[in-house]
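Here's the structure we're looking at; comments come further down.
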Amino acid sequence: MKRIIKSMAVFSMVLVTVLVSLTGCASPSKSVGASKEKLKVALILPGKKDDVSFNQAMYEGMTAYMEEHEEEIELKIVENVYEVADIQLALADFADQGYDVVFGHGFQFMEPIISVSKKYPDTCFLLGTGYKFEENSAIYDVDLESGGYIMGVIAALTSETGKIGVVGGADASEIFRGHEGYKLGAKSINPLIEIQEVYTGDWTDTAGAYEAAVGMYDSGVDVIWHSGDGIGLGVVQAAVEKDKYALGNVEDQVSLGEKNVLSGLQYKWEAVIAQIFDDIESGNFKTLSDDKRIYWINISNDGLVYTEINDPKGMLKEEEKKFIENTFQQLKKGEIEIPEIKQNK
């Protein structure tokens, strides 16, 4: 009889352990829409929430979702946490405060999230672009090769010199894929087009991007695309001063240069934010397969769009604008195949 009781006790302990491990990062009492206690969510931004770029796009996507779920979710946003040492401290601080979900919005958050998530298994961590994850973390990323492709098509159709450029910050995975997609899109229009490329090494290097863009424009380039953040401000500034065209990224940047921002990509992170919280609510987050642990925004799910063509110089004909829209719709339907792009590093 004692053996039976002991066996039942052991079985109960094992069962409880299994149930706890399957619960996910948020306890049932805090899951979205499930109770009176709100889910505590933190969003850590590396820059300013109104930067007309990477940070603003996520801020707008997250706050739009929160407005629809204000009875269920408590959101805290902090800005300008850029250095790795500060990131590590911020992630751990929110976990210590009992936050259920912590978003680190940027590639530089990857290693800190890997480190901190191991120490706080009950917290869900989300990384904005990257390629590493733990059982209690996942990634939200951008299919930038398709976005880069449509930017390349626009640049090549617009260029009168047959020379275009692209300026990136750090040579990170999604930026590299975007640049390669840009080249493919441009060459689909003009196989002989000259494409100049510069990586500043830092997304905040406004001055470096400005100098690179000025050099390109002076060499005959007449359209430049950039990968966002501070470098985008530098590229647009150069376009305005040289009276050339720039293509924006992440947010609609026409306001930065009304006569010189031709178009650009706009990120709609809300396309995946809802799915992330659905997986947390259902308890599936920790049991996701590796291929499901990266949430992609892309043209197909309306997470990527190109902003309205703004062509005061009249360099694009109406049939070329229609061709751009048709190409975008083909990308959305999967009718244009972009080869897999991998970084050789």
Side-chain angles (χ1 to χ4, degrees), residues 24-81 90-91 93-95 97-106 109 113 123-129 136-143 147 228-229 248-256 264-285 288 294-308:
C25 311
S27 65
S29 65
K30 288 188 174 184
S31 61
V32 183
S35 77
K36 298 177 182 178
E37 190 172 358
K38 292 184 177 181
L39 196 73
K40 294 181 69 176
V41 179
L43 170 60
I44 307 174
L45 299 173
K48 296 177 65 177
K49 65 184 180 183
D50 58 353
D51 66 349
V52 200
S53 191
F54 190 68
N55 295 279
Q56 183 171 329
M58 185 57 179
Y59 171 78
E60 290 177 351
M62 183 70 81
T63 53
Y65 181 84
M66 293 303 154
E67 285 173 4
E68 297 179 0
H69 299 84
E70 59 184 356
E71 299 299 319
E72 305 142 13
I73 295 175
E74 172 190 325
L75 176 64
K76 173 71 174 180
I77 299 173
V78 292
E79 305 171 71
N80 295 314
V81 184
L91 291 169
D93 186 49
F94 278 117
Q97 292 181 52
Y99 275 75
D100 305 291
V101 187
V102 181
F103 287 77
H105 189 58
F109 284 76
I113 283 179
T123 304
C124 291
F125 292 92
L126 279 303
L127 167 66
T129 76
N136 59 323
S137 73
I139 298 163
Y140 56 99
D141 209 335
V142 52
D143 178 20
D229 284 4
N249 196 38
V250 187
E251 271 290 330
D252 186 344
Q253 297 180 323
V254 172
S255 63
L256 300 178
L265 279 180
Q266 190 165 15
Y267 295 9
K268 302 287 188 179
W269 289 112
E270 49 266 46
V272 294
I273 289 173
Q275 183 59 53
I276 290 170
F277 282 108
D278 285 348
D279 285 339
I280 292 171
E281 176 186 11
S282 66
N284 292 331
F285 188 83
L288 292 171
I294 301 181
Y295 299 86
W296 292 99
I297 59 169
N298 51 49
I299 290 175
S300 297
N301 64 13
D302 296 322
L304 277 181
V305 299
Y306 74 97
T307 60
E308 184 178 357

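Here the structure is a predicted model, which means the values were calculated and not measured. Quick note: residue numbers are just sequence positions, from 1.
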Quiz prompt | pair Ile280-Asp100: side-chain heavy atoms closer than 4.5 Å | solution = no
Quiz item: Are Glu251 and Glu60 close enough that some pair of their side-chain heavy atoms sits under 4.5 Å apart?
Solution: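 In contact.
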Closest contact, heavy atoms only, [X] versus [Y]:
{"X": "Glu70", "Y": "Lys38", "result": "O-NZ, 3.0 Å"}
{"X": "Ile44", "Y": "Ala90", "result": "CD1-CB, 3.9 Å"}
{"X": "Ala271", "Y": "Gly303", "result": "CB-CA, 3.9 Å"}

Practice problem: Could you pull out all residues at least two apart from Asp302 that satisfy salt bridge (charged side-chain N to carboxylate O under 4.0 Å, His left out)? | Solution: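 Scan of Asp302 (salt bridge (charged side-chain N to carboxylate O under 4.0 Å, His left out), adjacent residues dropped) gives Lys332.
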Exercise. Go through the structure and list residues passing salt bridge (charged side-chain N to carboxylate O under 4.0 Å, His left out) with Asp279, not counting sequence neighbours.
Key: none
Self-check item: Those residues that, when tested against Asp51, pass side-chain hydrogen bond (donor to acceptor under 3.5 Å, both in side chains) (two or more places apart)
Solution: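 Residues passing side-chain hydrogen bond (donor to acceptor under 3.5 Å, both in side chains) with Asp51: Asn55.
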Quiz prompt | Those residues that, when tested against Thr123, pass side-chain hydrogen bond (donor to acceptor under 3.5 Å, both in side chains) (two or more places apart) | solution =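 side-chain hydrogen bond (donor to acceptor under 3.5 Å, both in side chains) check on Thr123 returns nothing, list empty.
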Answer yes or no: is there a donor N or O on one side and an acceptor on the other, between the side chain of [X] and the main chain of [Y], under 3.5 Å?
{"X": "Glu79", "Y": "Lys49", "result": "yes"}
{"X": "Thr307", "Y": "Gly264", "result": "yes"}
{"X": "Ser137", "Y": "Phe125", "result": "no"}
{"X": "Gln253", "Y": "Val52", "result": "yes"}

Quiz prompt | Contacts of Thr129 that satisfy side-chain contact (heavy atoms from CB on, under 4.5 Å) - sequence neighbours left out | solution =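 side-chain contact (heavy atoms from CB on, under 4.5 Å) list for Thr129, sorted by chain: Phe54, Phe107, Asp141, Glu174.
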Quiz prompt | Residues which pass side-chain contact (heavy atoms from CB on, under 4.5 Å) with Asp50, listed by chain and number, not counting sequence neighbours | solution =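 For Asp50, the residues satisfying side-chain contact (heavy atoms from CB on, under 4.5 Å) (neighbours in sequence not counted) are Lys48, Gln56.
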Roughly how far apart are [X] [atom1] and [Y] [atom2], rounded to 0.5 Å?
{"X": "Ile297", "Y": "Glu270", "atom1": "CD1", "atom2": "CD", "answer": "8.5 Å"}
{"X": "Leu75", "Y": "Tyr59", "atom1": "CG", "atom2": "OH", "answer": "8.5 Å"}
{"X": "Leu288", "Y": "Ile294", "atom1": "CG", "atom2": "CD1", "answer": "11.5 Å"}
{"X": "Met58", "Y": "Leu45", "atom1": "CE", "atom2": "CG", "answer": "8.0 Å"}
{"X": "Asp278", "Y": "Ile273", "atom1": "CG", "atom2": "CD1", "answer": "12.0 Å"}

Quiz item: Which class fits the ring pair Phe94 and Tyr99: parallel under 30°, tilted 30 to 60°, perpendicular over 60°?
Solution: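 It falls in the perpendicular class, over 60°.
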Self-check item: Aromatic plane relationship, Phe285 with Tyr295 - under 30° parallel, 30 to 60° tilted, over 60° perpendicular
Solution: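 Correct class here is parallel.
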Quiz prompt | Qualifying residue, where the test is ring pair (Phe, Tyr, Trp, His ring centres under 6.0 Å) with Trp269 and the options are Trp296, Tyr140, Phe103 | solution =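 Of Trp296, Tyr140, Phe103, ring pair (Phe, Tyr, Trp, His ring centres under 6.0 Å) with Trp269 is met by Tyr140 alone.
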Quiz item: Can we call the ring centroids of Tyr65 and His69 under 6.0 Å apart?
Solution: yes
Self-check item: Test side-chain contact (heavy atoms from CB on, under 4.5 Å) applied to Val142 and Leu265, step by step
Solution: CA-CA 11 Å; Val142 52; Leu265 279 180; over 6 Å; no
